Amino acid sequence: MRHHTIHLFRKGLRLHDNPALLAALQSSEVVYPVYILDRAFMTSVMHIGALRWHFLLQSLEDLRSSLCQLGSCLLVIQGEYESVVRDHVQKWNITQVTLDEEMEPFYKEMEANIRGLGEELGFEVLSLMGHSLYNTQRILELNGGTPPLTYKRFLRILALLGDPEVPVRNLTAEDFQRCSPPELGLAERYGVPLPTDLKIPPESISPWRGGESEGLHRLEQHLADQGWVASFTKPKTIPNSLLPSTTGLSPYFSMGCLSVRSFFYRLSNIYAQAKHHSLPPVSLQGQLLWREFFYTVASATPNFTKMAGNPICLQIRWYEDAERLHRWKTAQTGFPWIDAIMTQLRQEGWIHHLARHAAACFLTRGDLWISWEEGMKVFEELLLDADYSINAGNWMWLSASAFFHQYTRIFCPVRFGRRTDPEGEYIRKYLPILKNFPSKYIYEPWTASEEEQKQAGCIIGRDYPFPMVDHKEASDHNLQLMKQVREEQYRTAQLTRDDADDPMEMKLKRDLSEENLPKTKAARMTEQA
DNA sequence: CGTCCCGTTGGTCTG
DNA sequence: CCAGACCAACGGGAC
């Protein structure tokens, strides 16, 4: 059967390793490449901010241009996705819709709705996995139905599965010539809108440009240095270097401008030629597998992006403090290292992984004791590489709510950054107000004398805020809170377990009595004293 | 069931 | 300058 097909781009904004689009071209006499720009969805479900809008529109423009070069086009149709599909299926006599399979609940729901429409209107739906290395369902099965909760265990499952599927071949003009492009006139009617058309602020000083072409260009630049690729070890990269010390390819992966499978195999080839190469978790390939790890856990965990109702997430009564949250979000904490990070995030939409750690630890268990969900929302809006599963997973990690539990390890907002950038060049770049501050004080400018502040041209408290908390005091306090939370949690777990096993009141009482509760060393010391 | 090992990237001190 | 011990001590998972 020769189909009339709509290929629906959602992520996967690329022509290389695009299995669903390839299948569309091979099975159709006409293919309509469509991107549905659903602004309400983007704003209320995806929560994308201005920088991400720019990145998306640039990616669409690049995709349109590449499709045109191959004799096709891209139709960007604005509207609610279900009614757009319904309208055009009838208008264009569509018999097939192809799309990438995605794992986020809202994208799954979208696909289910399109399948429902297919049954109603009589078209077929073909979805193929293009955004991840493995089928997460297979990983779950091999782990006995539950997601592996440690990376090590996850890797062991992957070893059973072997290498991921190889990428499909690049699309060529011949592929597109075998079937007709959309009618003339449609391309003009459904062009890629400009930011101003969508009332998005036009100015953008982000150094990241969206699109497959730019992504491939950056990828080639990095892969050219084979020694660097082979010896890459993540923790040794520098969070506050003025240019990214990692690949900075994440925005392109999150939107599917680059294929993770293609990258995986490019890395494998380089490793095969190198005498020595680093290994997961710290290697470059290991980074791709971290992404996969969080996808897997997220796909099998209810309420993964929330605390409430999330079975793997520690339940904590975080403070609600709109003012402190706002100051954190808008780079006004008074800790230059944290504020520089948040400034880079706001201006460029990308910060180093360790910088994310520092900022996240500060907001949650480190200093402010504000819910990781709030931080996650801010990152979702501002990070170009924001990804549903990875974002939530890392916020739980950093807040010691799941995956990571050694809550005594707290990032110091003063000393952590100073280790790799003692002169504070990163701070000077993103907080120009502190440009002339002496290096000695730049991570804690409030310790400079009035005279020194005057000389540096920045009075703390007037030109730049005082720190919003005393880090030492706050982190000690939070440490105690975290200890309490964990003891409480144990008590609750004990209660529910015994409830299920043995409802007898006597047993409950016995197990909940003081001497049967676990004691921290600190508690034991107090007792002795 | 208990015990022990170890974990992608803290901080501090010592040798 | 760097490696390693220690801090205080969690929880998943192996045994």
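If you're wondering where the values come from, they're calculated on a predicted model, not measured in any experiment. Letters A, B, ... mirror the listed sequences (proteins, then strands); counts begin at 1.
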*So A:S449 and A:E452, side chain to side chain donor-acceptor pair (under 3.5 Å) or not? Walk me through it.*
CA-CA 5 Å; A:S449 69; A:E452 283 161 325; 2.9 Å; yes
_Looking at B:dG7, I'd like to know if its phosphate oxygens (OP1 or OP2) sit under 4.0 Å from a side-chain N or O belonging to A:K152._
yes
*Are a donor atom and an acceptor atom from the side chains of A:H16 and A:E212 found within less than 3.5 Å of each other?*
yes
*asked:* Could you tell me how far apart A:W397 (CH2) and C:dC10 (C1') are, to the nearest whole angstrom?
replied: 13 Å
*Going by the ring-ring contact (aromatic ring centres under 6.0 Å, His included) test, name the single residue among A:W446, A:W328, A:Y464, A:Y443 that passes it with A:F335.*
A:W446
_P gap between B:dG2 and C:dA8, integer Å_ = 26 Å
*Step-by-step salt bridge (Lys or Arg N to Asp or Glu O under 4.0 Å) determination, A:K377 to A:E380*: CA-CA 5 Å; A:K377 285 180 208 156; A:E380 195 169 36; over 6 Å; no
*From C:dA14, B:dT8, C:dG12, pick the nucleotide closest to the side chain of A:N394?*
B:dT8
*Between A:R486 and C:dG11, does any side-chain N or O lie under 4.0 Å from OP1 or OP2?*
yes
*Among C:dC10, B:dT9, C:dA14, the one nearest A:H353 by side-chain distance*: B:dT9
*Report the nucleotide, chosen from B:dT9, C:dG12, B:dT8, that has the shortest atom-to-atom distance to any side-chain atom of A:L149.*
C:dG12
*What is the distance, rounded to the nearest whole Å, between atom CZ of A:R153 and atom C1' of C:dG11?*
15 Å
*nucleotides 10-15 of chain B: protein proximity per nucleotide (B base, S sugar-phosphate only, - neither; heavy atom, under 4.0 Å)*: BSS---
*asked:* Distance check needed: C:dA8 C1' versus A:H405 NE2, whole Å only.
replied: 16 Å
*Please report, rounded to the nearest Å, how far the P atom of B:dT8 is from the CG atom of A:L398.*
14 Å
*Rounded to the nearest angstrom, tell me the gap between atom CZ in A:F154 and atom P in B:dT8.*
12 Å
*Write down the distance between CH2 (A:W290) and C1' (B:dT9), rounded to a whole number of angstrom.*
10 Å
*Once you round it to whole Å, what is the distance between P of B:dT9 and NE2 of A:H352?*
14 Å
*In whole Å, what separates the C1' atom of B:dG7 from that of C:dA9?*
13 Å
*For nucleotides B:dT8 and C:dC2, find the distance between their P atoms and express it as a whole number of Å.*
25 Å
*If you measure only the distance, is there a donor-acceptor pair under 3.5 Å linking the side chains of A:R153 and A:N143?*
yes
*Please answer whether C:dC10 and A:Y407 are stacked, defined here as ring centres separated by less than 5.5 Å and planes angled under 30°.*
no
*Which nucleotide in the set B:dT9, C:dC10, B:dT8 lies at the smallest distance from any side-chain heavy atom of A:Q287?*
B:dT8
_Atom-pair distance (NZ on A:K483; P on C:dG11), nearest Å_ = 13 Å
*asked:* Quick one: does any side-chain atom of A:D421 pair with a main-chain N or O of A:G417 as donor and acceptor, under 3.5 Å?
replied: no
*What pairs with A:Y265 under ring-ring contact (aromatic ring centres under 6.0 Å, His included), at least two apart in sequence or on another chain?*
none
*Checking A:Q315 side chain against A:M307 main chain: does a donor-acceptor pair fall under 3.5 Å?*
yes
*Between which residue ranges does DNA chain B form stems of three or more consecutive Watson-Crick or G-U wobble pairs, both distances under 3.5 Å?*
B:2-7 with C:10-15, B:10-15 with C:2-7
*Distance between the C1' atoms of C:dG11 and B:dG11, in whole angstroms?*
22 Å
*Donor-acceptor under 3.5 Å (A:N391 side chain, A:A386 main chain)*: no
*If you pin A:P148 and A:Q406 to their nearest nucleotides in DNA chain C, which one's is more 5'?*
A:Q406
*Roughly how far apart, to the nearest Å, are C:dC7 and B:dT3 at atom C1'?*
22 Å
*Does A:F294 have its ring centroid less than 6.0 Å away from the ring centroid of A:F403?*
yes
*Under 3.5 Å, is there a donor-acceptor pair between the A:H47 and A:E381 side chains?*
no
*Sticking with atom C1', work out how far C:dG13 lies from B:dT9, rounded to a whole angstrom.*
23 Å
